[in-house]
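One structure is given below, encoded as structure tokens.
Bear in mind that the values here come from a model prediction, so they are computed numbers and not experimental data.
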Amino acid sequence: MKNVSNLYSKIFLYLSLVLFIGGFTGCNNDDDVGVLVPTGSIEVEDQTISQNQVRVDRVISSTDGFLIARHISETGIILAQEDIDQGTHEDIVLQLDDQGTGVNLEDGDAIVISLYADSNNDGIFNANIDQVLATETVFVSSPTFSVADQAVVDNTITVENISTSEDGFLVVFGENEDGTINEDDILGRAFIAAGQNQTATITFDEGRAPVAGTSISTRLHRDINRDSLFDPAIDTPETFNFNAPNNTVFRRSQIL
């Protein structure tokens with residue numbers, strides 16, 4: 001019986017050692033599994049943009065990195081870059097620019113926005129090194145409106161199908177002989193609330209209503225100081241695309 005007891009003791013000791021060593025092995029495996037893989041997400045919606053700025057609702061990143069906006073495709077020309085710290089960020093503004101490439105922005109273009117990890121922690125974006133964590137595509141639209149050839153009725157004209165992302169003004173200007181806007185000849189204006197407006201009425205300043213046969217230009221301006229009062233020295237024209245200075249949002253029409 002004593003020999004049997006010793007045998008069981010040796011077996012128990014052996015099993016205990018196996019389990020003890022296995023526990024350390026398990027810990028080492030857990031350490032390997034515990035290597036964190038960077039993650040991230042982007043929330044952004046299709047939008048009418050102002051001044052070539054795309055607004056990203058939210059970015060979440062588990063590591064420092066970069067937010068990159070490209071033209072039309074994931075391998076397209078880079079139009080904007082923003083450094084992103086680890087954490088959650090809301091209402092990020094990406095200022096689109098052709099970066100000297102000559103590419104232009106068209107109404108309805110796709111902008112591909114990608115979140116990258118700074119994989120080598122050098123603070124410099126490198127598409128060949130830095131890992132993509134998330135990608136979203138947003139379609140951008142130009143602020144717009146339409147104005148038909150029409151007669152002045154009760155000292156007003158009507159503008160239709162207005163779409164803008166910011167409060168602003170529709171301002172009517174006289175034209176120079178070459179058909180360009182006469183910046184010094186302001187004929188009338190109307191405040192426009194951000195969003196979709198089916199129609200708006202522009203009232204001409206007293207004694208400034210154009211006569212039949214006159215060509216006019218109507219241009220969209222931003223309410224920079226948000227006082228709902230148009231000031232030509234402050235409230236600059238709305239722009240879309242990179243063809244400055246011919247990128248303001250305006251329409252020509254004729255008074256009947």
Does the pair Ile111 and Leu79 meet the rule for a side chain to side chain contact (heavy atoms under 4.5 Å, CB included), with working shown? CA-CA 9 Å; Ile111 302 299; Leu79 300 181; 3.9 Å; yes
How long is the straight-line distance from CD1 of Ile202 back to OG1 of Thr158, given to the nearest 0.5 Å? 8.5 Å
Any donor-acceptor pair under 3.5 Å linking the side-chain atoms of Ser41 with those of Arg58? no
Please assess Gln51 against Thr239 for the test side chain to side chain donor-acceptor pair (under 3.5 Å), listing each intermediate value before the final yes or no. CA-CA 5 Å; Gln51 306 299 100; Thr239 60; 3.2 Å; yes
Check Asp107 against Ser142 and note the closest heavy-atom contact, atom names and distance. OD1-N, 2.8 Å
According to a 4.5 Å side-chain heavy-atom criterion applied to Ile, Leu, Val, Met, Phe, Trp and Tyr, with indirect links allowed, do Ile113 and Ile78 form part of one hydrophobic cluster? no
What pair of heavy atoms forms the shortest contact from Ala209 to Asn155, and how long is it? CB-OD1, 3.3 Å
Could you tell me if the side chain of Ile192 sits less than 4.5 Å from the side chain of Thr164, heavy atoms only? yes
Compare every heavy atom of Pro143 with every heavy atom of Val249, then report the nearest pair and how far apart it is. CG1-O, 3.3 Å
Is there a path from Ile42 to Val54 through hydrophobic residues (I, L, V, M, F, W, Y) whose side chains come within less than 4.5 Å of each other? yes
Taking all non-hydrogen atoms of both residues into account, name the closest pair between Val44 and Val56 and its distance. CG2-CA, 4.1 Å
Any donor-acceptor pair under 3.5 Å linking the side chain of Asp64 with the backbone of Gln86? yes
So OG1 of Thr39 and CG of Leu115: to nearest 0.5 Å the spacing works out to 9.0 Å
Is it the case that Ser114 and Thr135 place a side-chain donor and acceptor less than 3.5 Å from each other? yes
Same hydrophobic cluster for Leu220 and Val172, using side-chain heavy-atom links shorter than 4.5 Å among ILVMFWY? yes
Aromatic ring proximity Phe125/Phe66, centre distance under 6.0 Å: yes
Connected via hydrophobic side-chain network under 4.5 Å: Leu96 and Val103: yes
Pair Asp178, Thr180: side-chain N/O donor-acceptor within cut-off below 3.5 Å: yes
Enter the distance from Thr75:OG1 to Arg70:CZ here, rounded to the nearest 0.5 Å. 7.5 Å
Determine whether more than 12 heavy atoms belonging to other residues, nucleotides or ligands lie under 6.0 Å from atom CG of Asn120. yes
Gap between atom CD1 of Ile224 and atom CG of Asp167 - 0.5 Å precision: 11.0 Å
Indicate the atoms forming the closest heavy-atom contact of Phe173 with Ile186, along with that distance. CE2-CG1, 3.6 Å
Residues Leu229, Asp231; criterion side chain to side chain contact (heavy atoms under 4.5 Å, CB included); working and verdict: CA-CA 6 Å; Leu229 299 173; Asp231 184 340; over 6 Å; no
For Glu106, does its backbone N or O pair with a side-chain atom of Asn241 as donor and acceptor, under 3.5 Å? no
Let's go through Val140 and Thr48 carefully: what are the C-alpha distance in whole Å and the side-chain angles of both, what is the deciding distance for side chain to side chain contact (heavy atoms under 4.5 Å, CB included) to 0.1 Å, and is it a yes or a no? CA-CA 6 Å; Val140 297; Thr48 297; over 6 Å; no
Is there side-chain contact between Asp223 and Phe230, with heavy atoms separated by less than 4.5 Å? no
Stepwise side chain to side chain contact (heavy atoms under 4.5 Å, CB included) check, Asn161 with Thr144: CA-CA 7 Å; Asn161 304 318; Thr144 189; over 6 Å; no
Going by heavy atoms in the side chains, are Arg222 and Asp235 under 4.5 Å from each other? no
Kindly work out whether a path of hydrophobic side-chain contacts (I/L/V/M/F/W/Y, heavy atoms less than 4.5 Å apart) joins Ile162 to Ile216. yes
Taking every non-hydrogen atom, the tightest pair across Thr248 and Pro237: CG2-CB, 3.8 Å
Using the side chain to side chain donor-acceptor pair (under 3.5 Å) rule, take Glu175 and Ser217 through it: C-alpha gap first, then chi angles, then the decisive distance, then the call. CA-CA 7 Å; Glu175 294 186 341; Ser217 289; 2.7 Å; yes
Mind checking the OG-CZ spacing from Ser50 to Phe240? Nearest 0.5 Å is all I need. 11.0 Å
Is there side-chain contact between Ser61 and Leu133, with at least one heavy-atom pair below 4.5 Å? yes
Mark yes or no for whether Asp149, through its side chain, and Gln254, through its backbone, hold a donor-acceptor pair below 3.5 Å. yes
Any side-chain heavy-atom pair of Asp109 and His71 under 4.5 Å: yes
One thing to verify: whether Arg55 and Asp91 come together as a salt bridge, which I'm taking to mean a side-chain N less than 4.0 angstrom from a carboxylate O. yes
Note, Ser163 side chain near Phe145 side chain (heavy atom, < 4.5 Å): no
Do Val138 and Glu45 touch side chain to side chain, with heavy atoms closer than 4.5 Å? no
More than 12 heavy atoms from other groups under 6.0 Å of CZ on Phe139: no
For the atom pair CG (Asn247) and CG (Asn52), what is the distance rounded to the nearest 0.5 Å? 6.5 Å
Does a side-chain heavy-atom distance below 4.5 Å link Asn126 with Ile124? no
Ion pair check, Arg219 and Glu183, cut-off under 4.0 Å: yes
Closer than 3.5 angstrom, by distance alone: can the side chain of Asp97 be matched with the main-chain N or O of Gln99 as a donor-acceptor pair? yes
